[in-house]
Asks: 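First the structure, which I've put down as structure tokens, then a few questions once you've had a look.
Quick note: numbers below take in every heavy atom, side chains included, and nothing from hydrogens, waters or symmetry partners. In listed order, ligands and their atoms are each counted from 1. All values derive from a computational prediction rather than experimental measurement.
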Amino acid sequence: MKMTGNTILITGGTSGIGLGLALRLHEAGNKVIVAGRRKELLDEITAEHPGIDALVLDVADPDSIARARETVAASHPGLNVLVNNAGIQLLESVLDPAGLQVAEDHVATNLLGPIRMTYAFLPLLVGKDDAVVLNVTSALAFVPLPITPTYSATKAALHSFSESLRVQLAGADAGVQVIEVVPPPVRTTLMGQQDNEQSMPLDDFLTEALGLLREKPDAKELVVERARFLRDAQANGSYDDVLAMISSS
Ligand SMILES: NC(=O)c1ccc[n+]([C@@H]2O[C@H](COP(=O)([O-])OP(=O)(O)OC[C@H]3O[C@@H](n4cnc5c(N)ncnc54)[C@H](OP(=O)(O)O)[C@@H]3O)[C@@H](O)[C@H]2O)c1
């Protein structure tokens with residue numbers, strides 16, 4: 001992925017990692033469109049950062065995605081990068097009947113959301129120079145956090161989907177790069193960890209992740225150092241120990 005001169009749509013651009021990426025990429029000379037459900041935050045962002053555009057989008061709603069595709073096709077025909085970043089993470093107990101709704105919400109937002117977005121926006125990307133789909137998964141795709149079982153499962157599934165997407169697009173010579181971002185715990189409001197000393201400061205995460213992309217523009221995965229022990233647990237034989245450790249933390 002080139003670092004400047006792109007037209008980039010970022011889902012979940014109203015806060016946290018998505019907003020951080022939006023501001024960094026805007027500063028680096030890209031046209032950025034932030035998307036999310038909270039219109040008041042979108043209005044604040046566009047007022048504070050002239051040049052950034054905004055779009056109301058609920059990735060759990062297929063009609064909202066279809067409307068967003070029509071809007072972006074008309075307003076930003078040069079779109080060449082889709083960042084599937086929107087996500088939710090909530091505690092879920094499998095012994096509580098209410099957990100099922102939590103599970104279904106995670107699948108709708110974190111898994112069906114990026115899959116539907118990919119189907120909707122790929123026709124706008126194929127054939128463009130430097131086209132990219134960038135999926136934000138999680139280090140928990142590789143070792144689950146058992147207090148958020150369906151969250152972890154959706155991220156493992158999005159990792160798997162990203163792998164197949166990359167191979168299918170390469171096989172079809174579609175010219176679309178697929179990049180997976182694998183964050184460790186980062187200080188955002190996702191699960192109320194914005195002040196948690198154990199989580200990585202957002203600015204440090206953005207600097208390291210974008211630095212990796214700058215160093216390796218053809219990267220398949222962006223894995224910052226703090227996510228490595230989870231990403232590599234299966235391969236290096238530490239999976240059981242790591243699962244036990246994060247289960248008790
Ligand atoms: N922070 C971490 O520790 C961490 C670690 C690993 C992976 N991640 C991943 O990073 C991504 C961003 O999370 P974050 O940490 O930046 O959390 P965040 O600050 O809570 O941001 C989540 C974003 O997703 C948007 N969103 C949620 N549901 C949506 C929906 N149905 N439609 C459209 N947008 C929706 C929210 O915007 P609206 O509410 O305005 O719609 C918000 O902008 C997520 O995919 C998360 O799983 C985060």
Side-chain angles (χ1 to χ4, degrees), residues 9-24 32-46 52 54-68 82-90 92 102 104-117 120 134-145 147-148 150-159 161-162 179-206 208-209 221-224 226-228 230-231 246 249:
L9 173 63
I10 304 181
T11 71
T14 51
S15 63
I17 292 172
L19 177 57
L21 283 174
L23 299 182
R24 297 275 184 119
V32 175
I33 310 144
V34 289
R37 294 164 302 176
R38 287 172 289 178
K39 171 100 174 63
E40 65 286 3
L41 290 184
L42 294 171
D43 290 344
E44 268 174 37
I45 294 164
T46 53
I52 294 187
L55 185 69
V56 175
L57 168 68
D58 180 349
V59 299
D61 174 1
D63 293 338
S64 177
I65 291 176
R67 281 195 300 275
L82 168 66
V83 180
N84 282 313
N85 164 78
I88 55 170
Q89 182 178 19
L90 298 164
E92 174 193 343
V102 178
E104 291 182 1
D105 290 347
H106 279 88
V107 174
T109 301
N110 296 4
L111 181 57
L112 270 175
I115 291 173
R116 285 175 171 146
M117 285 295 294
L134 194 152
N135 288 336
V136 178
T137 63
S138 169
L140 300 178
F142 301 93
V143 184
L145 179 64
I147 56 171
T148 60
T150 305
Y151 173 83
S152 305
T154 60
K155 294 300 185 174
L158 186 57
H159 163 70
F161 181 78
S162 304
I179 305 173
E180 181 180 350
V181 184
V182 184
V186 175
R187 287 181 213 171
T188 70
T189 52
L190 184 69
M191 255 191 107
Q193 74 272 36
Q194 60 275 14
D195 299 317
N196 186 336
E197 299 279 318
Q198 314 275 0
S199 298
M200 190 170 183
L202 177 59
D203 271 336
D204 293 356
F205 169 72
L206 294 168
E208 193 177 336
E221 289 181 14
L222 304 180
V223 184
V224 301
R226 285 176 70 154
R228 270 272 154 228
L230 291 157
R231 173 64 185 95
I246 67 170
S249 67

Asks: Evaluate the side-chain proximity of R116 to V59: yes if any heavy-atom separation is below 4.5 Å, no if none is.
Replies: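 The answer is no; the side chains never approach within 4.5 Å.
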Asks: Evaluate the side chain to side chain donor-acceptor pair (under 3.5 Å) criterion for residues E92 and T150: first the C-alpha distance (whole Å), next the side-chain angles of each, then the deciding distance (0.1 Å), finally the verdict.
Replies: CA-CA 8 Å; E92 174 193 343; T150 305; 2.9 Å; yes
Asks: As a test of reading the model: which residues have a non-hydrogen atom less than 4.0 Å away from ligand 1?
Replies: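 Close residues (ligand 1, cut-off 4.0 Å): G12, G13, T14, S15, G16, I17, G36, R37, R38, L57, D58, V59, A60, N85, A86, G87, I88, T109, V136, T137, S138, Y151, K155, P183, P184, P185, V186, T188, T189, L190, Q193.
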Asks: With the threshold set at 4.0 Å, does a side-chain nitrogen-carboxylate oxygen contact exist between R226 and E208?
Replies: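 Salt bridge: no.
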Asks: Is it true that D43 and K39 have a side-chain N and a carboxylate O under 4.0 angstrom from each other?
Replies: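 Counted as a salt bridge, because a side-chain N and a carboxylate O are separated by less than 4.0 Å.
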Asks: Check this for me: does any side-chain nitrogen of one of D203 and R24 sit under 4.0 Å from a carboxylate oxygen of the other?
Replies: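 Answer for the salt bridge query: yes.
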Asks: State, with a plain yes or no, whether a side-chain heavy atom of Y151 is found less than 4.5 Å away from one of L190.
Replies: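 Yes; the side chains approach each other to less than 4.5 Å.
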